[in-house]
Amino acid sequence: MAFRPDAVRGSEGPGEIDYRLARQSVLSEFKKGRIARHEICDAHPELVRAARELGEPTKLTCPVCEETNVVLVTYVFGPRLPAFGRCISSKKELQAIAKRSGSFSAYVIEVCPECSWNHLARTFLLNPARARAAAN
């Protein structure tokens with residue numbers, strides 16, 4: 001019997017990819033002194049601006065500067081959206097995009113608006129059931 005992803009009970013198509021292990025690895029290397037602060041606090045100015053203006057606040061303190069809370073910034077890519085993606089300003093906007101036809105990918109980035117720490121937190125498909133039905 002061959003392993004097939006769709007044979008796994010409860011598998012309903014593409015899911016969420018979480019990058020916590022990669023995050024912990026980077027932070028561990030930083031704390032050991034193997035990575036310099038400027039190498040991990042390198043958010044693009046537009047990402048920092050989006051974090052300040054549109055970011056979703058969290059209660060998680062920045063793991064680098066330990067002075068302020070990080071915010072989550074979500075970008076969505078897909079048909080009829082700009083090539084550079086669309087920065088989501090609310091959950092309502094995200095739900096509206098999920099209702100459109102087509103396959104949309106969402107990227108959630110953890111950003112510290114003070115020290116520019118940033119890390120991809122997770123990625124997921126909006127409405128994977130719809131995307132799977134369109135592929136069939």
Side-chain angles (χ1 to χ4, degrees):
M1 181 171 142
F3 174 76
R4 294 185 339 255
D6 60 337
V8 177
R9 194 171 148 189
S11 174
E12 296 181 12
E16 182 175 309
I17 300 172
D18 190 303
Y19 294 91
R20 279 183 284 190
L21 291 176
R23 178 186 187 272
Q24 290 198 296
S25 175
V26 168
L27 291 172
S28 175
E29 293 298 301
F30 169 70
K31 290 178 182 175
K32 291 175 186 175
R34 296 180 183 158
I35 298 176
R37 183 173 174 157
H38 74 274
E39 292 178 291
I40 60 173
C41 294
D42 61 350
H44 189 279
E46 281 299 311
L47 180 58
V48 175
R49 185 194 63 75
R52 287 190 179 122
E53 302 292 327
L54 303 170
E56 180 183 336
T58 70
K59 294 184 180 190
L60 181 65
T61 303
C62 175
V64 178
C65 71
E66 299 177 343
E67 293 177 8
T68 188
N69 291 353
V70 297
V71 297
L72 300 177
V73 178
T74 302
Y75 283 94
V76 175
F77 297 87
R80 296 176 308 283
L81 291 177
F84 50 84
R86 181 163 177 182
C87 187
I88 302 301
S89 60
S90 69
K91 290 186 191 270
K92 187 176 180 179
E93 183 180 9
L94 190 64
Q95 291 167 346
I97 292 175
K99 291 178 184 177
R100 294 183 184 180
S101 63
S103 180
F104 296 91
S105 299
Y107 293 78
V108 181
I109 305 152
E110 177 181 300
V111 182
C112 176
E114 295 303 317
C115 75
S116 296
W117 153 259
N118 67 106
H119 196 274
L120 179 61
R122 65 184 177 276
T123 62
F124 58 93
L125 290 179
L126 292 177
N127 199 343
R130 180 177 288 163
R132 187 177 62 254
N136 291 333

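Not measured: the values here are computed from a predicted model.
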Would you compute the distance between atom [atom1] of [X] and atom [atom2] of [Y] and round it to the nearest 0.5 angstrom?
X: Lys92; Y: Ile97; atom1: NZ; atom2: CD1; value: 13.5 Å
X: Asn118; Y: Cys62; atom1: CG; atom2: SG; value: 10.0 Å
X: Arg34; Y: Ser28; atom1: CZ; atom2: OG; value: 7.0 Å
X: Ser25; Y: Tyr19; atom1: OG; atom2: OH; value: 14.5 Å
X: Ile40; Y: Leu27; atom1: CD1; atom2: CG; value: 6.0 Å

Could you check if a side-chain atom of [X] sits within less than 4.5 angstrom of a side-chain atom of [Y], using non-hydrogen atoms only?
X: Val71; Y: Glu56; result: no
X: Leu126; Y: Leu94; result: yes
X: Tyr107; Y: Ile17; result: no
X: Cys112; Y: Glu67; result: no
X: Ile88; Y: Tyr75; result: no
X: Thr123; Y: Val108; result: no
X: Arg37; Y: Cys65; result: yes
X: Ser105; Y: Val76; result: no

If every non-hydrogen atom of [X] is compared with every non-hydrogen atom of [Y], which pair is closest and at what distance?
X: Ala51; Y: Val73; value: CA-CG2, 3.6 Å
X: Val70; Y: Trp117; value: CG1-CD1, 4.1 Å
X: Leu54; Y: Cys87; value: CD1-SG, 3.7 Å
X: Arg100; Y: Arg80; value: NH1-O, 4.0 Å
X: Pro79; Y: Ser101; value: CG-O, 4.4 Å

Next item on the list: Check the pair Thr74, Lys91 against side-chain contact (heavy atoms from CB on, under 4.5 Å), reporting the backbone distance first and the verdict last.
Entry: CA-CA 10 Å; Thr74 302; Lys91 290 186 191 270; over 6 Å; no
Notebook entry, point to check: Hey, quick one: are Leu120 and Phe124 part of the same hydrophobic cluster, counting side-chain heavy atoms closer than 4.5 Å, chains of contacts allowed?
Noted result: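 No; tracing contacts between hydrophobic side chains, which count when under 4.5 Å, never links both residues.
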Next item on the list: Please check if Leu72 and Leu60 belong to a single hydrophobic cluster, counting links between Ile, Leu, Val, Met, Phe, Trp and Tyr side chain heavy atoms closer than 4.5 Å.
Entry: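 No; Leu60 is not reachable from Leu72 via cluster members.
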Verify, without hydrogens or angle tests, whether [X] (side chain) and [Y] (backbone) share a donor-acceptor contact under 3.5 angstrom.
X: His44; Y: Glu46; answer: yes
X: Glu29; Y: Val26; answer: no
X: Asn69; Y: Thr58; answer: yes
X: Glu93; Y: Ser89; answer: yes

Next item on the list: Might you work through the side-chain contact (heavy atoms from CB on, under 4.5 Å) test for Ile109 and Leu47, ending with a clear yes or no?
Entry: CA-CA 9 Å; Ile109 305 152; Leu47 180 58; 4.1 Å; yes
Check: Hey, which of Arg122, His119, Arg23 is the one that makes side chain to side chain donor-acceptor pair (under 3.5 Å) with Glu110?
Finding: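 It is Arg23, the one option of Arg122, His119, Arg23 that forms the side chain to side chain donor-acceptor pair (under 3.5 Å) with Glu110.
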Note to self: Can you confirm whether Arg20 is buried at CZ, in the sense that more than 12 heavy atoms of other residues, nucleotides or ligands lie under 6.0 Å from that atom?
What the structure shows: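 Atom CZ in Arg20 is not packed in, count stays at 12 or less.
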Next item on the list: Kindly state whether the ring of Phe77 and the ring of Phe104 have centres lying under 6.0 angstrom apart.
Entry: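 That pair fails the under 6.0 Å test.
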Item checked: Verdict with supporting geometry, His38 and Ser116, side-chain contact (heavy atoms from CB on, under 4.5 Å) -> CA-CA 9 Å; His38 74 274; Ser116 296; over 6 Å; no
